Amino acid sequence: MAPSADAAAPAPTPPLAPLIAAQLKFLLTNSSLPIKVVQIWSGCSKGRYADRFTLGIPFCLDYVYWDFLYNAMHPKVAPDVIFGQRDEGFQPLVDYDESGNGGKSCLAHWDYRDPRGLLCLVEELRLLYIEYQKKLVEKVDDARLKFEISTVLAKEGIEVSLVSSTGRSDEVKFAVPLLDLDLKMMVPGCPWKLPQKIHLQAIFPVSSSYLSVPSAPGLKLTSTPDLKSFFSVDGVKLPAWVDGMCMAEYVPTLEEDLKLQVVDASASIGCRRRFIEALAPAFGRPLEADPIFCRKATVLSISGIFTFLVHFVIPLQFPQQQPILTLQSCQHCNSQGIPITSSPNNSYPWSPRWEVTEMVDRIYDYLADECQNFKKLCSDGFPQAK
């Protein structure tokens, strides 16, 4: 049912108070973590400024959501923080006070003129939350998990989380960083702003009963999103988990295999670059090309009076997998005024053993015939653009 004409539209969210906005901007610009702003609102229904927001804080390959509550009337005061409903036991400021270490917190030295205040607070709370989750997991009554924790938690950067679900047994999730490599250094000119990481996610069910042969944990490789333009973990085959194995045995084997594949991915950029360079003698200099990862290129082609573009999408597994070609007419548009394109095509002669010059020559010969079919499709199906 449509809302009545008298129904009031929601009021737009006012801007953050300037001092608060400066701290949030500094956090988002300078944090090494992909922190998300989920919502912004005002604590006063008719306030001139918004003064509180929810942040998504990365933790253990997921996000925890915390509310940061400033006061627009007193923006010089540090914010209050409300943690998630399942984290009632996480009271870092109370713990500081009871241990007599309250002076160590950045809140004890809060300076509203310093834009780093919120960033320091988030980093401090996140580190304390990591330790809080470790202590929860260490209390779990499961001999296997106690052994896993005692052997792998010494590895730098590991995060663990106790996951409780209604109607299901508890689980412990491990997020294990892999490869002590600066992946950005392997890609010259790389535009990545945030550190790129590969993690092993391992999920163990909590069981208080003894099992002579415990089941394998749920294993999955994950990576930061931007890394997929260089290396995709989706195609990585994980080593088998052998009965009786533990994480301390499994991770080194996985890292050894993964390192070889990452090195191959770095070398593959050079192969793709040589392919793009080989396009010039046959097709002319590409109009566009991806200069960093060498995943895409576009050339202009002419057959008689028919002018069209050829878009190359070069897979990460090149040359084992061949480029995908898409033709785009420069003279024909559909009824929405969008240039007509062909379906993506990789059904042309190909061998990964050919030299790049032969690969390009075979594609050129294939397109000499294929462009005529595409021209007919454009002319028959749609009027020519004037």
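Predicted, not measured: the structure shown is a model, and the values here were computed from it. The basis for the numbers below is simple: all heavy atoms, side chains too, and nothing from hydrogens, waters or symmetry mates.
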What I'd like to find out is whether the side chain of [X] reaches to under 4.5 Å of the side chain of [Y], using heavy atoms alone.
| X | Y | value |
| --- | --- | --- |
| Pro18 | Tyr49 | yes |
| His74 | Tyr112 | no |
| Val172 | Val206 | yes |
| Pro14 | Arg48 | no |
| Leu367 | Leu325 | yes |
| Leu258 | Leu221 | yes |

Run the side chain to side chain contact (heavy atoms under 4.5 Å, CB included) check on Arg52 and Ser42 step by step: do they pass?
CA-CA 6 Å; Arg52 49 201 63 192; Ser42 173; over 6 Å; no

No-hydrogen, no-angle side-chain donor-acceptor test under 3.5 Å, [X] and [Y]:
| X | Y | answer |
| --- | --- | --- |
| Thr222 | His199 | no |
| Tyr366 | Asn345 | yes |
| Asp365 | Tyr348 | no |
| Ser223 | Gln196 | no |

Main-chain N/O of [Y] paired with [X] side-chain donor or acceptor, under 3.5 Å:
| X | Y | answer |
| --- | --- | --- |
| Arg126 | Pro58 | yes |
| Gln133 | Ser161 | no |
| Gln23 | Leu118 | yes |
| Asn71 | Pro75 | no |
| Asp87 | Phe90 | no |
| Thr224 | Asp226 | no |
| Thr298 | Leu287 | no |
| Asp290 | Arg295 | yes |
| Arg273 | Ser268 | no |
| Thr307 | Ile302 | no |

Please lay out, stage by stage, how Phe53 and Leu55 fare under the test side chain to side chain contact (heavy atoms under 4.5 Å, CB included).
CA-CA 6 Å; Phe53 41 81; Leu55 297 181; 3.8 Å; yes

State, to 0.1 Å, how close [X] and [Y] come at their nearest heavy-atom pair, and which atoms those are.
| X | Y | result |
| --- | --- | --- |
| Met245 | Glu148 | O-OE2, 4.3 Å |
| Ala50 | Thr13 | CB-CG2, 4.4 Å |
| Ile314 | Cys294 | CD1-O, 3.7 Å |
| Ser329 | Cys378 | CB-SG, 3.9 Å |
| Ala265 | Phe231 | CB-CD1, 3.7 Å |
| Ser301 | Phe283 | OG-CD2, 3.5 Å |

Heavy-atom neighbours of [X] [atom1] exceed 12 at 6.0 Å:
| X | atom1 | value |
| --- | --- | --- |
| Tyr364 | OH | no |
| Lys296 | NZ | no |
| Gln372 | CD | yes |
| Leu260 | CG | yes |
| Glu88 | CD | no |
| Lys146 | NZ | yes |

From the options Ile20, Asp51, Leu121, select the one residue that forms a side chain to side chain contact (heavy atoms under 4.5 Å, CB included) with Phe68.
Leu121

Got a second to check how far [X]'s [atom1] is from [Y]'s [atom2], nearest 0.5 Å?
| X | Y | atom1 | atom2 | value |
| --- | --- | --- | --- | --- |
| Leu178 | Glu255 | CG | CD | 5.0 Å |
| Leu200 | Lys220 | CG | NZ | 11.5 Å |
| Trp66 | Tyr129 | CH2 | OH | 7.0 Å |
| Asp111 | Asp114 | CG | CG | 6.0 Å |
| Lys173 | Gln201 | NZ | CD | 5.0 Å |
| Leu145 | Glu138 | CG | CD | 11.5 Å |

Give the ring-plane orientation class for [X] versus [Y], where under 30° counts as parallel, over 60° as perpendicular and anything between as tilted.
| X | Y | value |
| --- | --- | --- |
| Phe293 | Phe230 | tilted |
| Phe306 | Phe374 | tilted |
| Trp110 | Tyr70 | tilted |

Taking the cut-offs as 6.0 angstrom to the six-membered ring centre and 45 degrees off its axis, would you call Lys375 and Phe308 a cation-pi pair?
no

Tell me, please, whether Trp350 has Arg362 positioned over its six-membered ring: NZ or CZ under 6.0 Å from the ring centre and within 45 degrees of its axis?
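No, Arg362 does not lie over the aromatic ring of Trp350.
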
With clusters defined by side-chain heavy atoms of hydrophobic residues (ILVMFWY) lying less than 4.5 Å apart, directly or transitively, does [Y] cluster with [X]?
| X | Y | result |
| --- | --- | --- |
| Leu227 | Val236 | yes |
| Tyr63 | Leu24 | no |
| Leu279 | Val356 | yes |
| Leu107 | Val81 | yes |
| Leu377 | Ile338 | no |

My understanding is that only residues two or more places apart in sequence, or in another chain, count here; which of them pass side-chain hydrogen bond (donor to acceptor under 3.5 Å, both in side chains) with Asn346?
none

Could you check whether Trp241 and Tyr250 have their ring centres less than 6.0 Å apart?
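Ring centres of Trp241 and Tyr250 closer than 6.0 Å.
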
Should the pair Glu123-Arg116 be classified as a salt bridge under the 4.0 Å nitrogen-to-oxygen rule?
no

Run the side chain to side chain contact (heavy atoms under 4.5 Å, CB included) test on Asp67 and Trp41 for me, step by step, so that the C-alpha distance in whole Å, both residues' side-chain angles and the decisive distance to 0.1 Å come before the verdict.
CA-CA 11 Å; Asp67 294 336; Trp41 74 99; 4.0 Å; yes

Test side chain to side chain contact (heavy atoms under 4.5 Å, CB included) applied to Leu27 and Ile35, step by step:
CA-CA 8 Å; Leu27 167 73; Ile35 294 173; 3.7 Å; yes

Could you please spell out the steps behind the salt bridge (Lys or Arg N to Asp or Glu O under 4.0 Å) verdict for Lys259 and Glu256?
CA-CA 5 Å; Lys259 185 175 182 179; Glu256 185 177 342; over 6 Å; no

